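No experiment lies behind these values; they were computed from the predicted model shown. Order of appearance sets the numbers: ligands from 1, and atoms from 1 within every ligand. All heavy atoms count here, side chains included; hydrogens, waters and symmetry mates do not. Along the sequence shown, residues carry numbers from 1.
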Amino acid sequence: MATSAVGAVVIVGSGLIGRSWAMLFASGGFKVKLYDIEQQQITNALENIRKEMKLLEQSGSLKGTLSVGQQLSLISGCSNIAEAVEGAMHIQECVPENLELKRKIFAQLDRIVDDRVILSSSSSCLLPSKLFAGLTHMKQCIVAHPVNPPYYIPLVELIPHPETALTTVDRTHALMKSIGQSPVRVLKEIDGFVLNRLQYAIISEAWRLVEEGIVSPGDLDLVMADGLGMRYAFIGPLETMHLNAEGMLNYCDRYSEGMKRVLKTFGPIPEFSGATVEKVNQAMCAKVPNDPGHLAARRQWRDDCLMRLAQLKRQEQPQ
Ligand code: NAI
């Protein structure tokens with residue numbers, strides 16, 4: 001747990017992701033200051049966090065060792081950015097995904113921060129070389145990309161700028177671990193980072209299989225939810241290879257020719273339009289109508305499942 005001697009964590013942008021970060025950092029015992037350009041967003045965020053934490057406590061899912069009251073007392077709002085960042089040790093930017101806006105925020109922060117604080121962006125897909133170009137405090141800059149909902153999905157991709165100091169990566173990695181997240185080091189920046197590249201590869205082949213009439217949209221989703229996804233919640237694709245034969249070398253001996261044969265049959269990048277989008281949309285809407293009420297209810301169900309899965313994963317310590 002953090003001690004009071006450690007500087008605060010500042011969240012810039014108090015929307016969906018900013019609120020989640022605030023809860024996670026407070027669960028680790030860090031003092032959190034929530035900043036936003038809209039005062040009302042700060043007020044809403046504080047109220048929303050209070051309600052969320054109470055629900056988490058009731059369901060036994062509150063993270064950390066502190067009580068709800070103790071965690072809430074660590075989080076405060078601040079509508080002045082210079083005051084917010086004074087003495088901070090980590091700034092987590094969470095403004096909308098817009099390169100110009102984020103560059104403006106980082107330029108503003110660059111002018112007022114010291115040489116110690118880490119400047120971290122939650123960006124889902126903007127490259128560090130574009131986000132941080134020209135900043136004086138470049139060595140202290142990093143992208144720390146969470147996955148929604150971050151309270152239940154612990155992965156955080158850490159993507160440095162080529163000039164980011166190794167200590168910045170190490171400190172951010174340690175900070176993420178200290179709040180129970182699961183950081184991974186992306187060693188070189190690449191469009192889509194790692195998670196979205198894997199996700200898009202899956203979406204792409206899923207789309208082609210439906211487009212070619214090989215499988216229905218509903219059954220395609222079942223292949224993932226009741227098949228691959230079952231083990232991917234615990235082990236990745238590389239360890240799956242290792243375990244599905246007598247080790248990795250044996251897997252490649254046995255299956256590489258078959259994999260290459262199938263991979264050669266993969267089609268071009270789908271257009272995600274036309275008759276296939278109609279077909280997929282119809283199937284999805286038959287399952288979950290696309291009005292706000294049904295979508296929100298299904299998201300809530302998904303998050304409840306993820307919460308229980310996160311509890312199970314915490315109990316299942318790796319051997
Ligand atoms: P959001 O729209 O919910 O919240 C953005 C917040 O930033 C709002 O409260 C807004 O008032 C505030 N804001 C706008 N301009 C500002 C400024 N100049 N200074 C301070 N605050 C300002 O957005 P969300 O979904 O929380 O996304 C934030 C970042 O997190 C984006 O970069 C997004 O790509 C990334 N992200 C989002 C995920 C998601 O599923 N929503 C998942 C992973 C990352």
Side-chain angles (χ1 to χ4, degrees), residues 8-25 32-49 51-52 75-86 88 90-113 119-132 135 141-159 161 172 176 179 181-184 186 189 191-200 203 292 295-296 298-300 302-303 306 310:
V9 172
V10 177
I11 308 293
V12 177
S14 307
L16 183 73
I17 294 299
R19 295 168 194 192
S20 293
W21 277 123
M23 288 166 60
L24 285 166
F25 284 115
V32 180
K33 290 191 206 164
L34 270 175
Y35 166 79
D36 202 285
I37 199 163
E38 303 268 353
Q39 175 59 48
Q40 191 56 42
Q41 279 292 90
I42 302 176
T43 309
N44 293 347
L46 293 171
E47 179 56 17
N48 176 280
I49 289 170
K51 283 191 188 147
E52 273 284 300
I75 307 175
S76 59
C78 183
S79 55
N80 179 312
I81 195 161
E83 269 172 35
V85 305
E86 200 182 327
H90 182 98
I91 300 174
Q92 188 68 38
E93 168 276 309
C94 310
V95 304
E97 191 77 345
N98 173 307
L99 180 61
E100 284 320 306
L101 174 63
K102 286 190 192 275
R103 279 177 56 84
K104 209 176 100 196
I105 300 275
F106 279 105
Q108 192 180 3
L109 291 170
D110 198 38
R111 288 192 291 273
I112 56 177
V113 296
L119 297 169
S120 172
S121 171
S122 303
S123 175
S124 316
C125 61
L126 300 171
L127 293 176
S129 58
K130 298 227 164 72
L131 272 175
F132 307 131
L135 297 183
C141 294
I142 192 163
V143 168
H145 169 224
V147 185
N148 195 40
Y151 206 80
Y152 306 124
I153 304 189
L155 186 84
V156 182
E157 293 184 285
L158 303 182
I159 308 103
H161 181 279
T172 312
M176 294 298 155
I179 59 170
Q181 295 304 89
S182 179
V184 294
V186 179
E189 68 170 31
D191 206 7
F193 309 151
V194 175
L195 182 136
N196 276 327
R197 291 182 77 88
L198 289 178
Q199 176 163 241
Y200 297 160
I203 288 176
L295 289 173
R298 185 71 172 167
R299 283 188 201 111
Q300 187 58 52
R302 175 202 64 186
D303 291 354
L306 286 170

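The residue from I11, D36, N44 that puts a heavy atom closest to atom 13 (N) of ligand 1 is D36. One option in S123, P96, P150 has a heavy atom closer to atom 2 (O) of ligand 1 than any other, and that option is P96. Comparing S121, S122, A45, A144 against atom 35 (C) of ligand 1, the shortest heavy-atom distance belongs to S122.
A salt bridge (charged side-chain N to carboxylate O under 4.0 Å, His left out) with E93 is found for one member of R103, K104, K102 and no other, namely K102.
At the top of the distance list for atom 17 (C) of ligand 1, counting protein heavy atoms only, stands I105 CD1, 3.5 Å. The shortest contact between atom 20 (C) of ligand 1 and any protein heavy atom is with I37 N, 3.4 Å. Protein heavy atom at the shortest distance from atom 4 (O) of ligand 1 is G15 CA, 3.3 Å. Of the protein's heavy atoms, V95 O, 3.3 Å lies nearest to atom 31 (C) of ligand 1. At the shortest separation from atom 26 (O) of ligand 1 among protein heavy atoms lies I17 N, 2.8 Å. Closest protein heavy atom to atom 43 (C) of ligand 1: P146 O, 3.2 Å. Among protein heavy atoms, the minimum distance from atom 40 (O) of ligand 1 is reached at N148 CB, 3.2 Å.
Under 4.0 angstrom from ligand 1, the non-hydrogen atoms of L101 all belong to its side chain. Counting heavy atoms closer than 4.0 Å to ligand 1, residue S124 contributes atoms from both its backbone and its side chain.
Side chains of E47 and N44: a donor-acceptor N/O pair is absent below 3.5 angstrom, by distance only. For the 3.5 Å distance criterion, the side chains of N48 and E52 fail to qualify, holding no donor opposite an acceptor.
Within a 4.0 Å radius of atom 23 (O) of ligand 1, the protein contributes no heavy atom.
At least one heavy atom of K102 sits closer than 4.0 Å to an atom of ligand 1.
For ligand 1 and H145, the ligand atoms under 4.0 Å from any heavy atom of the residue are 43 (C), 44 (C).
The N/O atoms of Q41, backbone and side chain alike, include one that comes under 3.5 Å of an N/O atom in ligand 1. Polar contact with ligand 1: absent for E93 (N/O pair, distance under 3.5 Å).
The nearest pair of heavy atoms linking L135 to C141 is CD1-SG, 3.8 Å.
Residue E86 places its CD atom among 12 or fewer non-hydrogen atoms of other residues, nucleotides or ligands, all under 6.0 Å distant.
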